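Encoded as structure tokens, the structure appears first; notes follow it.
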2 protein chains.
Amino acid sequence: MKIEVVGIEDIPIIKKDDNLEEIIYEAIEKNGIKIHDDDIFVVAETVVAKAEGNLVKLENVTPTMEAYKMAEVSGKDPKQCQVILDNTVNVIKCLPGLIITETPYGFICANSAVDNSNCEEGYITPLPVDPDLSAQKIKKYLDEKSGKKTAVIISDTQGRPWRVGAMGVAVGISGMHPCTDFRGMVDLYGQPLQSTIEATADELASAASLIMGQADSGLCVVLIRGYNLTNVACNIGESMISEILRDPENDAFR
Amino acid sequence: MKIEVVGIEDIPIIKKDDNLEEIIYEAIEKNGIKIHDDDIFVVAETVVAKAEGNLVKLENVTPTMEAYKMAEVSGKDPKQCQVILDNTVNVIKCLPGLIITETPYGFICANSAVDNSNCEEGYITPLPVDPDLSAQKIKKYLDEKSGKKTAVIISDTQGRPWRVGAMGVAVGISGMHPCTDFRGMVDLYGQPLQSTIEATADELASAASLIMGQADSGLCVVLIRGYNLTNVACNIGESMISEILRDPENDAFR
């Protein structure tokens, strides 16, 4: 059993209103790759947000009192705090150097994943507004062009409690569910499995992040081939990344 | 740029006092794989714990009052709670259905990673006692036999706050550091990188978990080839998984 994780080279710097799905498809072809059924394409959220014009010019931001308070506690820039608040439904923690918030989409992460890396100076990018829809658009285009059935993951890298360092996670999906449910299956000794749900989309995003993170040339799309999608596949529009979010009532850390 | 993630097939069920490193090396050879420099081998913690005899027979466990209390709150078996407590230095949360603890090695996770899957009925396995040392032993053997320089990760799958599903993480390492520090590097636009530390060993463990989790045949060793180890490599004994643990003073969730 073998999985390949392949970087799609030579994707140009993405700008507002670029046709991202077309650019990705053309790059795949230029890389000499023929799309197969069950190919999984992991796309960095930054290029999706940029193509969709989801960029905020910090100069144009006027911080509210709440943003100034958040800035004072966290030590971050008040304008940046305002953009974080504009993309936040719930502040989980605000401490010196650390802001953990819940995004409208339900992700709990640092700064609502608002980020200024890999965009022009003076700009900042929130997550794509509807990352499942962004994934669907790319999957639909790739499937129509290739006649194959792919899955698409929009990925981000996020920190964790207790452990240093960021890991790839999925923030949008299409063509697959985010988790694989092994409940009902048995282990080597015939006992029911314990750790029964696997965060497949997050693991795929982490595998892709190994390649995205190493490149100094803006590698923003990664193909994962050879993973058996059987247990997690679905048709376009039939899955949502929110399936991976913990029910707040069962969440001990918010 | 391409990474391959390859399952090492036909490793027999591991028993106490098995020579795990020899079994792994022989399986690699039987799989027709020649070890290269920078090959990374990810080994599931369960087989390491089993080979090292780190198995507890539940029948022989006498729960303390503290274990009975933990069992009453969590709804878990008192003997299992006792084994969890025996492998715990600090209880972070104990709620119905959920026990989050800190292990002597410093990992914060559910049940101190004490687990009864993939071991004989009536037994339970804590994590290996010194997982870095376990990784070192395997690396040393593989390197001596092959004349190459590999890295070894002992992996587990663990749950997370806020998101459903378990992901592969590294619990022991040799031949590499757990994180890649991109501080000082710049992005596509020449700006200093923000999300600057990547949890490389955890991402590698997650990539391996995609293969371990899918196999119904106890695939417990995975080779990752093609990852550029330059930024994280080190000699045997010069790195510790504890480098990835967040300093308690900067940890907002304990």
Side-chain angles (χ1 to χ4, degrees), chain A residues 1-7 9 13 93 95 98 100 108 115-121 157 160-169 178-180 185 187-189 191 193-195 197-200 202-204 206-207 209-211 213-216 218-219 227-228 244-246 251-254, chain B residues 1-7 13 93 95 98 100 108 115-121 157 160-169 178-180 185 187-189 191 193-195 197-200 202-204 206-207 209-211 213-216 218-219 227-228 243-246 251-254:
Chain A
M1 185 178 229
K2 181 163 131 182
I3 295 172
E4 288 178 339
V5 186
V6 185
E9 316 266 350
I13 286 186
K93 299 254 179 202
L95 300 167
L98 181 75
I100 307 283
I108 296 178
D115 190 354
N116 68 353
S117 60
N118 287 309
C119 63
E120 280 177 77
E121 212 185 325
T157 51
R160 305 85 49 85
W162 311 317
R163 291 172 86 89
V164 172
M167 272 182 97
V169 292
C179 292
T180 311
M185 293 176 71
D187 70 10
L188 282 173
Y189 295 87
Q191 296 184 96
L193 284 167
Q194 286 245 314
S195 180
I197 298 180
E198 189 177 340
T200 306
D202 286 344
E203 290 188 331
L204 289 161
S206 275
S209 174
L210 289 165
I211 280 195
Q214 291 242 324
D216 47 1
L219 206 50
Y227 181 76
N228 178 2
I244 208 170
L245 301 175
R246 228 178 250 287
D251 190 336
F253 292 96
R254 64 153 85 204
Chain B
M1 185 178 232
K2 180 164 132 181
I3 296 173
E4 288 178 338
V5 186
V6 184
I13 286 185
K93 297 256 179 200
L95 300 168
L98 182 77
I100 305 284
I108 296 179
D115 190 353
N116 68 354
S117 60
N118 287 311
C119 63
E120 279 177 77
E121 212 185 323
T157 51
R160 303 87 49 84
W162 311 316
R163 289 172 87 89
V164 171
M167 272 183 97
V169 293
C179 293
T180 311
M185 292 175 70
D187 70 9
L188 282 173
Y189 296 87
Q191 296 184 97
L193 283 166
Q194 285 246 314
S195 179
I197 299 180
E198 189 178 341
T200 306
D202 286 344
E203 290 190 330
L204 289 161
S206 276
S209 174
L210 289 166
I211 280 196
Q214 290 242 323
D216 46 2
L219 206 52
Y227 181 76
N228 178 1
E243 293 168 31
I244 207 171
L245 300 176
R246 227 177 249 287
D251 190 335
F253 292 95
R254 64 155 83 206

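To find a chain, count down the sequence lines: A is the first, B the second, and so on, and within it residues start at 1. Source: prediction; values computed, not measured.
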Taking every heavy atom of A:Ile211 against every heavy atom of B:Met1, the minimum-distance pair comes out as CD1-O, 3.6 Å
Counting heavy-atom pairs under 4.5 angstrom with chain B, the leader among A:Val6, A:Leu204, A:Val169, A:Ile244 is A:Ile244
Side chain, backbone, both or neither: which part of B:Leu98 has a heavy atom under 4.5 Å from chain A?
side chain
Rounded to the nearest 0.5 Å, how far apart are CE of B:Met167 and CD of A:Glu198?
9.5 Å
Report yes or no: does B:Trp162 contribute a side-chain atom to a donor-acceptor pair with the main-chain N or O of A:Asp251 at less than 3.5 Å?
no
Would a distance-only check, ignoring hydrogens and angles, find a side-chain to backbone donor-acceptor pair under 3.5 Å from A:Arg246 to B:Arg160?
yes
Hey, does the side chain of A:Arg163 reach the backbone of B:Ile108 with a donor-acceptor pair shorter than 3.5 angstrom?
no
Roughly how far, to the nearest 0.5 Å, is the CG atom of B:Asp202 from the OG atom of A:Ser209?
11.0 Å
By salt bridge (Lys or Arg N to Asp or Glu O under 4.0 Å), which residues pair with B:Lys93, not counting sequence neighbours?
none
Can you find a pair of side-chain heavy atoms, one from A:Lys2 and one from B:Glu4, that are under 4.5 Å apart?
yes
Residue set satisfying salt bridge (Lys or Arg N to Asp or Glu O under 4.0 Å) with B:Glu243, at least two apart, ordered chain then number -> none
Where do A:Val164 and B:Ala199 come nearest, in terms of heavy atoms and distance?
O-CB, 3.9 Å
What part of B:Leu95 is in contact with chain A, defined as an atom under 4.5 angstrom from a non-hydrogen atom: side chain, backbone, both or neither?
side chain
